[in-house]
Colleague: 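Sending over a structure as structure tokens; questions will come in a sec.
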Amino acid sequence: MILIMSQVFAPLFEAAETRLVQTGTWLFHGGDPVRSMYLITAGMVDLTRVTSAGTSVILQRARSGQVLAEASAYATAYHCDARAITASSMRGVSREALYRELSRRRQN
């Protein structure tokens with residue numbers, strides 16, 4: 001994600017609860033319904049997809065201050081897998097809460 005986009009989205013997570021995960025924890029898999037959006041606050045989480053040849057490709061390495069898989073906010077299912085590659089912490093909000101906050105800010 002472009003740094004400027006993270007700066008725009010980060011305030012949307014201010015009231016969210018922090019979630020701690022250990023190295024190797026899967027956050028979601030491709031095909032899972034999108035229920036939450038995550039702002040990484042510490043550690044690193046990889047967003048990966050497996051090619052038709054069976055090779056795993058890293059599409060995003062989310063670090064502190066970055067939103068993980070931000071395009072998923074507009075999808076019904078994740079298109080990739082997300083896994084913590086280090087012990088990590090993140091703030092998660094439901095997709096619906098994110099939409100409500102975006103709408104509220106648009107009206108102000």
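The residues of the chain are indexed from 1 along the displayed sequence.
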Colleague: Quick check for you: to the nearest 0.5 Å, what is the distance between Arg63 atom CZ and Ile85 atom CD1?
Modeller: 7.0 Å
Colleague: Just so I know, are the side chains of Thr48 and Val50 near enough to count as touching, which here means a heavy-atom distance under 4.5 Å?
Modeller: no
Colleague: Mind checking whether Arg83 and Asp46 have side chains closer than 4.5 Å, heavy atoms only?
Modeller: no
Colleague: Could you give the distance from CG (Leu12) to CZ (Arg91), rounded to the nearest 0.5 Å?
Modeller: 12.0 Å
Colleague: Over all heavy atoms of both residues, which pair between Gly92 and Ala16 is shortest? Give the atoms and the distance, please.
Modeller: O-CB, 3.3 Å
Colleague: Please tell me whether Phe28 and Tyr74 are part of a single hydrophobic cluster in this structure, the criterion being side-chain heavy atoms less than 4.5 Å apart.
Modeller: yes
Colleague: About how many Å separate OG1 of Thr41 and CG of Leu20, when rounded to the nearest 0.5 Å?
Modeller: 7.5 Å
Colleague: Apply the side chain to side chain contact (heavy atoms under 4.5 Å, CB included) test between Met90 and each candidate in Leu39, Leu27, Val67; give the one that qualifies.
Modeller: Leu27
Colleague: Measuring from atom CZ of Arg49 to atom OG of Ser56, what distance do you get when rounded to the nearest 0.5 angstrom?
Modeller: 11.0 Å
Colleague: Is the backbone of Arg35 close enough, under 3.5 Å, to the side chain of Ser94 for a donor and an acceptor to pair up by distance?
Modeller: no
Colleague: Do Thr86 side-chain atoms and Gly43 backbone N/O form a donor-acceptor pair below 3.5 Å?
Modeller: no
Colleague: Sub-3.5 Å donor-acceptor pair from the side chain of Ser72 to the main-chain atoms of Tyr78, do we have one?
Modeller: no
Colleague: Does CD belonging to Glu96 count more than 12 external heavy atoms closer than 6.0 Å?
Modeller: yes
Colleague: Quick one: closest heavy-atom pair of Gly30 and Asp81, and the distance?
Modeller: N-OD1, 2.7 Å
Colleague: Any non-hydrogen side-chain atom of Ile40 less than 4.5 Å from a side-chain atom of Phe13?
Modeller: no
Colleague: Closest heavy-atom contact between Ala69 and Leu47?
Modeller: CB-CD2, 3.8 Å
Colleague: Could you pull out the closest heavy-atom pair between Asp32 and His29, with the gap in Å?
Modeller: OD2-N, 2.8 Å
Colleague: Between Val34 and Tyr99, is there a shared hydrophobic cluster once you connect ILVMFWY residues whose side-chain heavy atoms come closer than 4.5 Å?
Modeller: yes
